[in-house]
2 protein chains.
Amino acid sequence: MKTVAELTERFRAQGLRVTPQRQAIFGLLEGNDGHPTVEALYEAARSEMPAISLKTVYHTVNDLAAMGEVELLDLGTGSYRVDPNVEHAHHHLICIVCGRVRDVTLDGRPPSVPARLRDGFSVAAVEINFRGVCDECAGSEESTR
Amino acid sequence: MKTVAELTERFRAQGLRVTPQRQAIFGLLEGNDGHPTVEALYEAARSEMPAISLKTVYHTVNDLAAMGEVELLDLGTGSYRVDPNVEHAHHHLICIVCGRVRDVTLDGRPPSVPARLRDGFSVAAVEINFRGVCDECAGSEESTR
DNA sequence: GATGTTATCAACAACGATTGTCAGTTGCCA
DNA sequence: TGGCAACTGACAATCGTTGTTGATAACATC
């Protein structure tokens with residue numbers, strides 16, 4: 001994820017304007033290693049800018065995604081999550097209880113499709129999702145049993 | 001995927017009723033190696049039972065999923081796809097153009113999360129999605145260029 | 001600085017996929 | 001065969017997301 005200043009530069013270079021709302025969103029994403037939902041980003045943005053609309057947040061993250069500065073993940077948790085980590089190839093640990101997402105980088109090389117099964121299909125990306133229960137949810141499940 | 005007769009048996013054993021609508025859906029899924037959307041299943045069911053409702057199809061596939069007889073896949077293509085292949089571990093090739101889904105079984109063992117990154121997270125399932133363009137879509141893109 | 005063009009903002013409503021409600025019907029077990 | 005619980009299907013609600021719109025504000029040029 002680039003800095004707020006770099007993103008401002010890139011937006012201008014693309015002919016997009018840089019508004020206070022957008023800069024607030026840039027700031028929230030910079031160095032954010034969580035994977036906030038758009039809704040969560042919206043809530044965070046509202047705390048420093050109460051008038052911002054959900055639509056603006058969607059618009060901005062879509063622009064960022066179109067420029068390749070973030071990735072929008074649809075991990076089956078019901079809503080998009082914004083992943084600012086696009087520089088390093090990585091995969092995801094997804095908690096099936098709370099929906100939290102964590103990055104993992106794998107040792108070794110990624111799996112590939114056996115040639116005999118490829119059958120004309122050209123693979124552009126390999127996405128690996130580890131689904132399970134995070135430590136926090138495991139703890140609280142334990143205590144409610 | 002079990003046969004229609006076996007599914008009928010299992011539904012009864014669970015205290016669920018077996019209606020003509022449900023049997024029609026069982027029949028459509030048996031030996032189906034595509035990954036139909038719920039909507040597609042609905043269309044197919046309607047051709048042999050015009051009065052069936054979309055709600056009934058959703059209800060039935062949800063029951064099947066709860067019993068572990070099918071899996072409902074959310075692969076980011078906008079809607080659920082029904083995967084009747086639950087007996088053999090497999091992964092998916094997903095065409096980013098047409099949304100079609102194909103099964104793949106990998107040689108070698110599945111990747112795992114390095115212990116140093118696991119950090120209390122217990123992995124229950126590994127899901128690998130290969131995204132790319134299928135042969136048919138590659139062909140038609142070629143021709144429209 | 002001032003100005004005009006044009007993208008952006010935010011309220012509203014639409015959208016598709018999925019699920020809840022509810023009255024009437026029907027399968028299943030005794 | 002009877003009775004109950006589960007199912008069906010029409011309708012509408014819900015969720016996350018996106019299109020539309022008049023008003024506003026940022027940018028480049030002067």
Side-chain angles (χ1 to χ4, degrees), chain A residues 4-5 7-26 35-43 45-67 70-83 99 101, chain B residues 4-5 7-26 28 35-43 45-67 70-82 99 101:
Chain A
V4 175
L7 289 178
T8 299
E9 203 51 48
R10 285 218 58 195
F11 261 60
R12 295 235 165 96
Q14 299 263 322
L16 298 175
R17 291 182 181 162
V18 178
T19 61
Q21 288 88 344
R22 297 192 154 195
Q23 287 193 307
I25 296 169
F26 296 167
H35 297 70
T37 60
V38 178
E39 193 77 28
L41 256 189
Y42 170 56
E43 291 302 333
R46 268 217 297 193
S47 73
E48 54 184 76
M49 185 174 285
I52 196 170
S53 86
L54 182 55
K55 181 80 202 306
T56 300
V57 180
Y58 270 108
H59 197 149
T60 304
V61 296
N62 278 332
D63 285 345
L64 283 168
M67 293 166 57
V70 303
E71 201 177 343
L72 291 179
L73 306 174
D74 179 359
L75 298 172
T77 55
S79 50
Y80 283 133
R81 285 171 177 271
V82 183
D83 188 348
V101 177
Chain B
V4 175
L7 289 177
T8 300
E9 203 52 47
R10 285 218 57 192
F11 262 59
R12 295 233 168 97
Q14 301 263 322
L16 298 175
R17 294 192 175 151
V18 179
T19 62
Q21 288 88 340
R22 298 191 153 194
Q23 288 193 306
I25 295 169
F26 297 168
L28 288 170
H35 297 70
T37 60
V38 178
E39 192 77 28
L41 255 189
Y42 169 56
E43 291 301 332
R46 269 218 298 193
S47 72
E48 54 184 75
M49 186 175 283
I52 197 171
S53 85
L54 183 54
K55 178 83 202 301
T56 301
V57 180
Y58 271 106
H59 196 151
T60 304
V61 296
N62 278 333
D63 284 345
L64 283 168
M67 293 166 56
V70 303
E71 201 178 343
L72 291 180
L73 307 174
D74 179 1
L75 299 172
T77 55
S79 49
Y80 283 135
R81 285 171 177 272
V82 184
V101 177

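Source: prediction; values computed, not measured. Chain identifiers are assigned alphabetically (A, B, ...) following the order of the sequence lines, protein sequences preceding nucleic acid strands; residue numbering begins at 1 within each chain. All values below were derived from every heavy atom in this structure, side-chain atoms included, with hydrogens, water molecules and symmetry-related copies excluded.
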For A:Arg81, which residues count as a salt bridge (charged side-chain N to carboxylate O under 4.0 Å, His left out) partner, sequence neighbours excluded? none

Write down the atom of A:Val101, the atom of A:His35, and the distance for their closest heavy-atom approach. O-ND1, 3.1 Å

Looking at B:Gln21, does any N or O in its side chain come under 4.0 Å of the phosphate oxygens OP1/OP2 on D:dG9? yes

Output all residues satisfying ring pair (Phe, Tyr, Trp, His ring centres under 6.0 Å) with A:Phe26, sequence neighbours left out; order by chain, then residue number. A:Phe11

Atom CZ of A:Phe26 and atom C1' of C:dT8 are separated, to the nearest Å, by 13 Å

Can you name the side chain to side chain contact (heavy atoms under 4.5 Å, CB included) partners of A:Asp74, sequence neighbours left out? A:Tyr80, B:Asp74

N/O (side chain, B:Arg22) to phosphate O (OP1/OP2, D:dT8) under 4.0 Å: yes

List every contact pair, protein side and nucleotides 25-28 of chain C side both N or O, where the distance is under 3.5 Å.
residue, atom, partner, partner atom, Å
C:dG27, O3', B:Val18, O, 3.3
C:dG27, N2, B:Arg17, NH1, 3.1
C:dG27, N2, B:Arg17, NH2, 2.2
C:dG27, N3, B:Arg17, NH1, 3.3
C:dC28, OP1, B:Arg12, NE, 2.7
C:dC28, OP1, B:Arg12, NH2, 2.7
C:dC28, OP1, B:Val18, N, 3.2
C:dC28, OP1, B:Val18, O, 3.3
C:dC28, OP2, B:Arg12, NH2, 3.3

With sequence neighbours excluded, residues passing side chain to side chain contact (heavy atoms under 4.5 Å, CB included) with A:Ala40: A:Pro36, A:Thr37

My understanding is that only residues two or more places apart in sequence, or in another chain, count here; which of them pass side chain to side chain contact (heavy atoms under 4.5 Å, CB included) with A:Thr56? A:Gln21, A:Ile52, A:Ser53, A:Thr60

So, using side chain to side chain donor-acceptor pair (under 3.5 Å) as the criterion, who are the partners of A:Glu43 when residues are at least two apart? A:Arg46

If the condition is side chain to side chain donor-acceptor pair (under 3.5 Å), which residues does B:Arg10 pass it with, not counting sequence neighbours? B:Glu69

To the nearest 10°, give me the bend of the helix from C:dG1-D:dC30 to C:dA30-D:dT1, comparing the axes of its five terminal pairs at either end. 40°

To the nearest Å, how far apart are B:Asp74 CG and C:dG16 P? 18 Å

Considering all heavy atoms, the nearest B:Val70-B:Val61 contact: CG2-O, 4.0 Å

For B:Arg12, the side chain to side chain contact (heavy atoms under 4.5 Å, CB included) test, sequence neighbours excluded, returns B:Thr8, B:Val18

Shorter than 3.5 Å, N or O on both sides, protein versus nucleotides 12-18 of chain D: list them out with atom names.
residue, atom, partner, partner atom, Å
D:dT17, OP1, A:Tyr80, N, 2.7
D:dT17, OP2, A:Tyr58, OH, 2.1
D:dT17, O5', A:Tyr58, OH, 3.0
D:dT18, OP2, A:Asn62, ND2, 3.3

Whole Å only: how far is the CD1 atom of A:Ile52 from the C1' atom of C:dC9? 10 Å

Check whether any side-chain heavy atom of A:Met49 sits under 4.5 Å from a side-chain heavy atom of A:Pro20, and report yes or no. yes

In whole angstrom, what separates A:Phe11's CZ from D:dC27's P? 12 Å

Distance, rounded to the nearest Å, where B:Leu41 contributes CG and C:dT18 contributes P: 12 Å

